[in-house]
Structures are given as structure tokens and as C-alpha cells.
Q: 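One structure coming up, written as C-alpha cells, with questions to follow.
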There are 2 protein chains.
Amino acid sequence: MKSTTLTRKQEICITAARLFKQKGYSAVTMRDLAAEVGVKAASLYNHIASKEEILNEVIVNIAESFTEGIQDIRLADTKVAEKLEAVIAQHVHLTADNPYGMASLNNDWMHLGEGKEKYLALRSSYEQHFREIIKEGKAQNVLKDIDEEIILFSTLGTLRNLYLWIPKKADLQRSKLIDSLCETLLNGVKTA
Amino acid sequence: MKSTTLTRKQEICITAARLFKQKGYSAVTMRDLAAEVGVKAASLYNHIASKEEILNEVIVNIAESFTEGIQDIRLADTKVAEKLEAVIAQHVHLTADNPYGMASLNNDWMHLGEGKEKYLALRSSYEQHFREIIKEGKAQNVLKDIDEEIILFSTLGTLRNLYLWIPKKADLQRSKLIDSLCETLLNGVKTA
DNA sequence: GTCTATATGTGGATAGAC
DNA sequence: GTCTATCCACATATAGAC
């Protein structure tokens, strides 16, 4: 992140993420990737140590962004309702910035090698922060008395799938999308 | 579906679906599958023609159930609110009956061969029926004036992820889960 | 930093004995 | 219907010339 010019390694990882979304990590070969980058497969190894390292680069950075972000949100001195909206907004922003990486994060994390434990810890931490916000919301009577896990996974289910249709709705403004999602997820779709 | 005793082919497909959920279709080898079934890899080919055929068996049957089900719901002579609840209930039932197959349906459909077009047609049809129900809801002022696509993908996002946590919450009764999801998805999580 | 050539392993699938 | 043995294509990754 020190320059606007992409290093070769970054170019490889970004291209890889796009292919991983299309076919999944296991079905993408180093030859596929090399062809897309415009070099021969062997040349990739001057920039990365292994296929697995690419997956690590793609996934772990995003996972860190999510966990750091929700920690800041949780600890912030704001109302619970605003925290919930901030969590939704963060998902929209991080997904719009990197929809391909989000696909790998969701679907290919089990193919991580060394990095798997770190990823699982980050995910676990993320969910725990989210649970604490939900608990706070229920304690303050801002959230209904619905099972905490249902609220967590229902909300996360929608947010985790954002990567599937944000690219298809490129025309939709982020701010409008965030507003609609907050309304839908927090207040529901039925009229009162 | 003509007997309570599983045929060898059914046993293979059920075992395969479980492995596909763990590692994804591409990363599961015929040797992995054979070991899990308790035979040698070559023996599998007395029951199935190819690895791809297994994926077809796993995915297409479920996709058909979903599309047929939502068509019946849409055409039924019931109120829109009940239709929405029926869609949610169908997701819970089909997912609880076959959580492993749902993983393949969500994540491995792109590896279908011949069956891919059929799958895509079924999915498209499913979404179209869902859209029509949403339109009906908005026309009758049962649903808020939120973008139809947002309602569709927000709701589907949560429902498509049910396979990830239904197995972890085996103790949760289906009827309680359906009630909670209807409340959460339709009326929202915030207090009025 | 990219290439050609290749080492080494493993994938899906088949042949034919039992 | 299951086995052993095997074919052949293709996977990741390395060696060494340029």
C-alpha cells in the first residue's frame, strides 16, 4: 500500500482472486493464472512462493480489515443503533472495494495452510464483537428479544452474500445501498 | 425414493455431498470418496458414470424441489404474508433435510457439466417467482416500498446461508427456527 | 524477470481378473 | 460388484539458460 502502481505480486493476487471467484481456489491452476497475467506459469514463482501463499494474501488482509473495523465500531462512543448501521456500512464498503476477495474469504478459507488458524481466530473474534453489540442492543431494548444467534447469522448471512450482487448492481450508489440494507435488515420489509 | 434402503448410488452421492461441503467439489478426489464409502475408487464406477454425474445428482434434485415449491406457493390462494412465510419455511425444511447438498448447490454449481444450463434455468425461475411474490406484496402495501432486488437478495442471502448453521444448532426446533426467521426477516430486529 | 524443459506427484477413468 | 494394475492428462513446483 505504499504506491499507486501495482507491484507484480499485487497484480497476481488480484487476478487470482478474480479467478478464484469464478471457479474456486482448487479449480484454478497456476497455468490459468499465468495466462491471465500474461506470463508463463514458472514466472509466477519469482513473485510468490506458492499457490497457497496467494490465497493467504487474498484472504487474511480482508479478514483483518473486518475484525479491526468491527472492534473500533464496538468500542466507539456511539448509540447501539449507529453501531449496527456502521457494521452494515463496513460490509458494503469492504465488499465493494474487493468483491473477488470476499468470494475467497467466504468459500475458500478451508484451503488455507498456515494461515487457516489465524483466519479462524479473526472470524471468531469478528463474530464475538458482533454478538457483544447485539447484546448491548437487547439490553438497551433497541433490539427485540430474538435469539442472539438468529440475529447474528441472519444479518451476517445477507452481508456475507453482498459480493455476489454488488458487482451486478454497479450503478447503485453505496450510500443508497447502505440505507436500503439498514432499513431492510434492521426494520424489516413488512409495513407496520 | 422407492424404498427406505439406500441404493449404493444414493449412498455414494450422500457421502460425496458431505465431502463437497467440507472441501469443495474440486478438492474431493474419487479416492477420498471411495475411502469414505469403504471401497476402492474403481468400484465407484460400477454405480456412477463420472464424478460430474455425482454433482448433478446432488444439485439438480434440490434445485427442482425449490423451484417447484415456490411455484406452488406463488400460485396458491393465500395472502401474501403467508406466501412469504411459506418461502422461508420451505428453505428451512429443504436445508434441514439436506444441508450438505445445499452447500454444493450454493458453491459448486459452476462445476456442473451438461446439467449447468438446467440448474441456471431453475435458479432463474426460482428468483422470478420470488420477485412476483414481492411485487404482489408491494402492490398490496404489505411490503414497504424498498427496491425489489434489495428485498430479494437480502432475504435470499440469509436463507441461502442456512446450511452453514442449521447443522450446528441441531437442537433448535424447526418450527421455532421458522418463527424466528420470519420475525427477523419480515419485521426486522429493532424494536418499534 | 521470463523463458524452456522437466521432475515429481496425483487427478479421473478404464481393463480385465476374480 | 469389487479388486489390482495401469493409462494418460495435468497439477505444483524447480533448474538453469538467457
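Residue numbering restarts at 1 for every chain, and letters A, B, ... go by the order of the sequence lines.
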Q: Side chain of B/Tyr45 only, heavy atoms from C-beta on: which candidate in C/dA13, C/dC3, C/dG1 is closest?
A: C/dA13
Q: Taking atom P of D/dA13 as reference, at what distance in whole Å does atom CD1 of A/Ile12 sit?
A: 13 Å
Q: Is the NZ or CZ atom of A/Lys83 both under 6.0 Å from the centre of the six-membered ring of A/Phe130 and within 45° of that ring's axis?
A: no
Q: Tell me what B/Val37 touches on the nucleic acid: a base, only sugar-phosphate, or nothing, going by heavy atoms under 4.0 Å.
A: nothing
Q: My understanding is that only residues two or more places apart in sequence, or in another chain, count here; which of them pass side chain to side chain contact (heavy atoms under 4.5 Å, CB included) with B/Lys138?
A: B/Ile134, B/Leu143, B/Asp145, B/Glu148
Q: What I want to check is whether an N or O donor and acceptor connect the side chain of B/Arg31 with the base of C/dG12 at under 3.5 Å.
A: yes
Q: For the pair made of NZ in A/Lys40 and C1' in D/dT14, what is the distance, rounded to whole Å?
A: 17 Å
Q: Let me know the distance between CE of A/Met30 and P of D/dT14, rounded to the nearest Å.
A: 10 Å
Q: A/Glu53 has an atom CD; how far is it from atom C1' of D/dA13, in whole Å?
A: 14 Å
Q: Hey, are A/Ser125 and A/Thr67 close enough side-chain-wise for a donor-acceptor pair under 3.5 Å?
A: no
Q: Looking at A/Tyr25, I'd like to know if the NZ or CZ of A/Lys51 sits under 6.0 Å from its six-membered ring centre while staying within 45 degrees of the ring's axis.
A: yes
Q: Given C/dT14, C/dA5, D/dT6, identify the nucleotide with an atom nearest to the side chain of A/Ala42.
A: C/dA5
Q: Would you kindly give the CD-to-P distance between A/Glu52 and D/dA11, to the nearest whole Å?
A: 18 Å
Q: Over how many whole Å does the gap from A/Tyr25 atom OH to D/dA11 atom P extend?
A: 14 Å
Q: Go through residues 104-115 of chain A and report each residue with a non-hydrogen atom lying under 4.0 Å from DNA chain C, sorted by number.
A: none
Q: Atom OH of residue position B/Tyr119 - does it have more than 12 heavy atoms of other residues, nucleotides or ligands inside 6.0 Å?
A: yes
Q: Does a side-chain N or O of B/Ser43 approach OP1 or OP2 of D/dC3 to a distance below 4.0 Å, or not?
A: yes
Q: Please give, in whole Å, the distance from C/dG1 C1' to A/Arg8 CZ?
A: 9 Å
Q: Would you mind reading off the distance between A/Leu33 atom CG and D/dA11 atom C1', rounded to a whole angstrom?
A: 14 Å
Q: Once side-chain hydrogen bond (donor to acceptor under 3.5 Å, both in side chains) is applied, what residue pairs with a partner in residues 180-189 of chain B remain, sequence neighbours excluded?
A: A/Lys144-B/Glu183, B/Glu183-B/Asn187
Q: Is a salt bridge present between A/Lys23 and A/Asp32, judged by a nitrogen-to-oxygen distance below 4.0 Å?
A: yes
Q: Can you work out whether B/Leu44 or A/Asp32 has the more 5'-proximal nearest nucleotide on DNA chain D?
A: B/Leu44
